[in-house]
Structures are given as structure tokens and as C-alpha cells.
Enquirer: 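Sharing a structure, written as C-alpha cells. Questions coming.
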2 protein chains.
Amino acid sequence: MTVIFSKKCEYGLQAVLYLSTIEDGRTAPAEEISKKLNIPKEFVSKILQSLALKKIVGSKKGNSGGFFLGKPASQIKLIEIVEAIDGLSLFHNCVLGFPDCSPESPCPVHNKWGKLRSDAYDMLTKETLEQFKKKSIAKIKMMNDV
Amino acid sequence: MTVIFSKKCEYGLQAVLYLSTIEDGRTAPAEEISKKLNIPKEFVSKILQSLALKKIVGSKKGNSGGFFLGKPASQIKLIEIVEAIDGLSLFHNCVLGFPDCSPESPCPVHNKWGKLRSDAYDMLTKETLEQFKKKSIAKIKMMNDV
DNA sequence: CTTTAAACAGATTAAATTATCTGATTAATT
DNA sequence: AATTAATCAGATAATTTAATCTGTTTAAAG
């Protein structure tokens with residue numbers, strides 16, 4: 001089981017973070033991303049294709065083609081990737097699965113979860129890939145060093 | 001998509017909360033729980049059977065049998081149900097799905113998620129079914145009133 | 001202009017999760 | 001003793017998610 005995102009979304013987030021770490025102007029083929037992140041190649045390729053439709057990443061066919069960020073890292077937030085892949089229902093639905101959970105008909109943990117949910121939203125919204133860059137580089141380096 | 005728990009776990013949590021609202025000494029058959037919570041009968045029955053093995057709920061076969069809490073509501077915490085059904089990996093795994101996320105090799109949101117995760121854990125650990133009782137009664141009433 | 005390496009498209013398979021079915025056992029009630 | 005209403009057990013079906021395969025298009029490099 002994943003934590004809160006689907007596998008597709010986790011892979012998408014990782015892949016985009018990876019793209020934020022490569023040299024400017026360079027393009028990363030699916031095979032490279034797959035190897036660096038241990039994600040099935042065809043799967044990550046499909047995911048990035050879908051993100052390309054939303055202009056979050058760009059792609060280039062043919063020899064020496066591959067994927068790259070669709071806009072400057074300073075203009076991409078993690079929430080965009082989540083929205084594009086899993087959607088935002090995570091931030092609307094009741095954590096216990098009760099129907100119509102709302103201030104008028106709250107579940108037993110409604111208030112507590114509301115706070116958590118908004119903090120989680122902030123985590124994905126307040127910083128850009130640019131601000132995550134150093135940490136992303138470090139994490140990906142660690143993964144391939146060992 | 002569910003928020004953080006599997007459907008099985010959501011149903012289990014709802015069902016146990018329901019059991020905490022019924023009159024002491026009474027037993028609720030799967031059919032009743034199913035109707036009140038809009039959960040497939042056989043499914044909720046299976047889930048409660050598995051919780052019965054862990055003594056979180058009790059069960060009684062035969063005519064006028066059904067399910068009931070396995071111990072006083074003041075001694076049951078939501079985390080027990082989560083642990084019994086989904087397990088606790090939610091509280092160990094990286095929210096972005098990176099392998100070996102730790103203070104030594106943190107993902108870009110490691111610290112922020114760490115705080116959130118521990119708040120989520122508290123939400124499931126600090127209060128008992130007894131303390132949720134009023135809210136549970138109100139929520140379940142609302143669901144069936146409309 | 002041929003080769004090569006890539007995205008892209010569509011179909012298919014595999015695995016996990018969710019849901020249902022069938023029958024057996026159990027126990028209270030009539 | 002018979003009927004009824006329930007859990008329980010095991011199998012199966014349906015759905016969703018994850019992963020793979022096959023082939024086509026594209027474009028750089030030799």
C-alpha cells in the first residue's frame with residue numbers, strides 16, 4: 001500500500017523531481033529515469049506522456065530525445081502533479097470514508113483531519129521544484145550511490 | 001480513491017464506531033450495520049470477522065446473534081483497527097514513495113511529512129471510542145435521517 | 001539515405017482490491 | 001423437534017490499478 005498517493009502519482013512526482021535536477025537544456029529519456037528511480041520504464045514513460053499533455057513536462061521524440069520540465073522549476077508545484085494524476089479528491093473526501101462529511105455533519109475526526117489536510121495541501125503548494133532542488137539532488141544521489 | 005485508508009479499513013472503522021453507539025449488551029447483525037452505513041453486507045461481515053479474531057469486536061452466532069464491541073469503548077482506539085486491517089506501513093513509508101526515506105536520506109518533503117504523520121498518528125491514538133461516542137451517534141443519525 | 005534511439009499509441013496482461021455467492025454451523029425461538 | 005436468523009468459511013467474480021508488449025512515428029547522427 002502507498003501512503004496517500006497512487007503508485008502512478010508517486011512515480012510521477014519522483015520523475016518530475018528528477019527532471020528538476022538535470023542540467024538545463026538536457027533531456028532525459030524514459031530509460032534513464034527508469035534506472036535512476038527504479039521505476040518500470042514503460043510505466044514512467046506513460047505517466048510522463050500524460051503530464052506532457054498538461055504542459056508540466058515537455059518531450060522530444062527521436063534520437064537524443066527524452067523528457068524535460070515544461071516550464072521553469074520555479075513555476076512548478078507538487079500539487080500540480082498530484083492534481084494531474086490522482087486529482088484533488090484526497091482533499092475533499094472524509095478520511096474515514098463517511099459520506100457528506102462536512103461541518104454540518106462531521107465525522108468523529110473531522111476537525112483534526114481538516115487541519116492535517118490543509119497542512120498537507122500547504123506542503124504541496126507552498127514550495128516550488130526550484131526550492132526542492134538541493135534536496136532532490138541529494139536524495140537521488142544517495143539512491144544511486146549505495 | 002480513498003484518502004489514506006483502504007476501503008476495507010474505512011468500512012472497519014465505520015463499523016466499529018457504529019458498534020460503539022448501540023445499546024450496551026445488544027448485538028448488531030451484519031445486515032443492520034450494512035444498512036445503516038451503506039456497506040455491502042458480506043463485506044462488512046468479513047471485515048468484522050477478521051476484527052473478531054483480534055478481539056476488537058465480539059460475535060455471536062445463531063438467531064439474535066451479531067456483532068458487538070470486544071471490550072469497553074474506553075479501551076478501544078482507532079489505531080487498533082487501522083493496524084489490524086491496513087497495518088502501520090502508512091506511518092513508516094515515504095509519502096513520495098522514495099525508498100529508504102530517513103533523516104540520513106530524506107526526500108524533499110521528509111520533515112514536513114514527518115510532522116503530519118505524527119499528528120495523524122495522534123488523531124488515531126489519543127482518543128478512545130468512548131470519547132468519540134457523541135460524535136459517532138450524531139454522524140450516524142444524520143446519515144439515516146436524510 | 002540508413003541506422004539508431006527515442007516518444008507515442010493502443011492493446012494486453014498481471015496483480016491487488018473490492019464485492020458476491022454458496023453452503024455449513026450455531027443457537028435462540030416457537 | 002422444527003424453524004429461523006445469524007456467524008463463519010471458502011470459493012468465485014468484478015473492478016481497479018499496475019505493468020508490459022507490439023508496433024508506429026519522429027528526428028538526430030553517422
Side-chain angles (χ1 to χ4, degrees), chain A residues 1-15 19 22 25-70 82 84-87 89-90 97, chain B residues 1-15 19 22 25-35 37-70 82 85-87 89-90 97:
Chain A
M1 269 243 310
T2 58
V3 176
I4 55 177
F5 306 124
S6 67
K7 270 234 151 350
K8 213 190 265 187
C9 191
E10 286 184 357
Y11 290 163
L13 288 162
Q14 291 180 30
L19 292 179
I22 67 175
R26 195 164 86 73
T27 126
E31 173 122 40
E32 171 186 334
I33 301 170
S34 159
K35 277 183 179 153
K36 287 280 171 63
L37 300 174
N38 277 291
I39 301 177
K41 180 186 149 192
E42 284 86 3
F43 203 20
V44 78
S45 176
K46 272 271 147 79
I47 294 165
L48 287 170
Q49 280 164 38
S50 80
L51 292 179
L53 291 177
K54 315 232 172 179
K55 312 291 184 194
I56 296 168
V57 305
S59 66
K60 204 169 146 226
K61 276 189 174 184
N63 197 332
S64 80
F67 296 95
F68 48 92
L69 291 185
V82 172
I85 300 176
D86 277 352
S89 65
L90 166 64
Chain B
M1 268 242 310
T2 58
V3 176
I4 55 176
F5 306 124
S6 67
K7 230 150 197 43
K8 213 189 267 187
C9 191
E10 286 184 356
Y11 290 164
L13 288 163
Q14 290 179 30
L19 292 179
I22 69 176
R26 194 166 85 73
T27 129
E31 172 123 42
E32 171 186 334
I33 302 170
S34 160
K35 277 183 179 153
L37 299 175
N38 279 290
I39 302 176
K41 180 186 148 192
E42 284 84 5
F43 202 19
V44 77
S45 176
K46 272 271 148 79
I47 294 165
L48 288 170
Q49 280 165 38
S50 81
L51 293 178
L53 291 176
K54 314 230 172 179
K55 311 292 184 193
I56 296 168
V57 304
S59 67
K60 202 170 146 227
K61 278 189 175 183
N63 197 332
S64 80
F67 296 96
F68 48 92
L69 292 185
V82 172
I85 301 177
D86 278 353
S89 65
L90 165 65

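Residue numbers begin at 1 in each chain, while the letters A, B, ... track the order of the sequences.
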Enquirer: Taking CG from B:Asp86 and C1' from C:dA16, how many angstroms apart are they, rounded to a whole number?
Expert: 13 Å

Enquirer: Can you measure B:Asn38 atom CG to C:dT18 atom P for me and round it to whole angstrom units?
Expert: 17 Å

Enquirer: Taking any heavy-atom pair under 4.0 Å as a contact, classify B:Thr27: base, sugar-phosphate, or nothing.
Expert: nothing

Enquirer: Using whole Å, report how far CZ of A:Phe43 lies from P of D:dC21.
Expert: 14 Å

Enquirer: Between B:Leu48 and B:Ala15, what is the shortest heavy-atom contact and its length?
Expert: CD2-CB, 4.0 Å

Enquirer: Hey, which of these two, A:Ser59 or B:Lys7, hits DNA chain C nearer its 5' end, going by closest nucleotide?
Expert: A:Ser59

Enquirer: Tell me the interatomic distance from A:Leu51, atom CG, to C:dA7, atom P, rounded to whole angstroms.
Expert: 14 Å

Enquirer: Which heavy atom in B:Ala28 sits nearest to a heavy atom in B:Leu19, and how many Å separate them?
Expert: CB-CD2, 3.9 Å

Enquirer: B:Lys46 has a side chain; which of D:dA9, C:dA7, D:dT20 sits nearest to it?
Expert: D:dA9

Enquirer: Give the rounded distance in Å between these two atoms: CD1 of B:Ile47 and C1' of C:dA19.
Expert: 10 Å

Enquirer: Quick one, A:Ile22 and A:Leu69 - any side-chain contact, counting heavy atoms below 4.5 Å?
Expert: no

Enquirer: Measure the distance from CG on B:Leu48 to P on C:dA19 and round it to the nearest whole Å.
Expert: 15 Å

Enquirer: What is the distance, rounded to the nearest whole Å, between atom CD of B:Glu31 and atom C1' of C:dT20?
Expert: 15 Å

Enquirer: Contact between B:Ile47 and B:Ile39 at the side-chain level, heavy atoms closer than 4.5 Å - yes or no?
Expert: no

Enquirer: Look at all strands and tell whether B:Ala30 reaches a base, only sugar-phosphate, or nothing, counting heavy atoms closer than 4.0 Å.
Expert: sugar-phosphate

Enquirer: For a 4.5 angstrom cut-off between non-hydrogen side-chain atoms, does A:Val82 reach A:Cys9?
Expert: yes

Enquirer: Taking the side chain from A:Thr2 and the backbone from A:Lys7, do they hold a donor-acceptor pair closer than 3.5 Å?
Expert: no

Enquirer: Does B:Tyr11 put a side-chain nitrogen or oxygen below 4.0 Å from OP1 or OP2 of C:dA19?
Expert: yes

Enquirer: Treat primed atoms plus P, OP1 and OP2 as sugar-phosphate and everything else as base, then score nucleotides 23-30 of chain D 5' to 3': B for base contact with protein heavy atoms under 4.0 Å, S for sugar-phosphate contact only, - for none.
Expert: --BBBB--

Enquirer: For the side chain of A:Met1, counting heavy atoms from C-beta on, which of D:dA6, C:dT17, C:dT18 is nearest?
Expert: C:dT17

Enquirer: Assign each of B:Lys41 and A:Gly66 to its nearest nucleotide of DNA chain C by heavy atoms, then name whichever residue's nucleotide is nearer the 5' end.
Expert: A:Gly66

Enquirer: Can you check the B:Glu42 CD to D:dA14 P distance for me, whole Å?
Expert: 15 Å

Enquirer: Between D:dC8 and B:Ser45, is there an OP1 or OP2 to side-chain N/O distance shorter than 4.0 Å?
Expert: no

Enquirer: Output yes when B:Glu32 and B:Lys35 qualify as a salt bridge under the 4.0 Å nitrogen-oxygen rule, no when they do not.
Expert: no

Enquirer: Of all the nucleotides listed (C:dC21, D:dA6, D:dT20), which has the minimum atom distance to the side chain of B:Pro29?
Expert: D:dA6

Enquirer: Are the side chains of B:Leu90 and B:Phe5 in contact, using a 4.5 Å heavy-atom criterion?
Expert: yes

Enquirer: Could you check whether A:Lys8 gets within reach of a base, just the sugar-phosphate, or nothing at all, counting any heavy atom under 4.0 Å?
Expert: sugar-phosphate

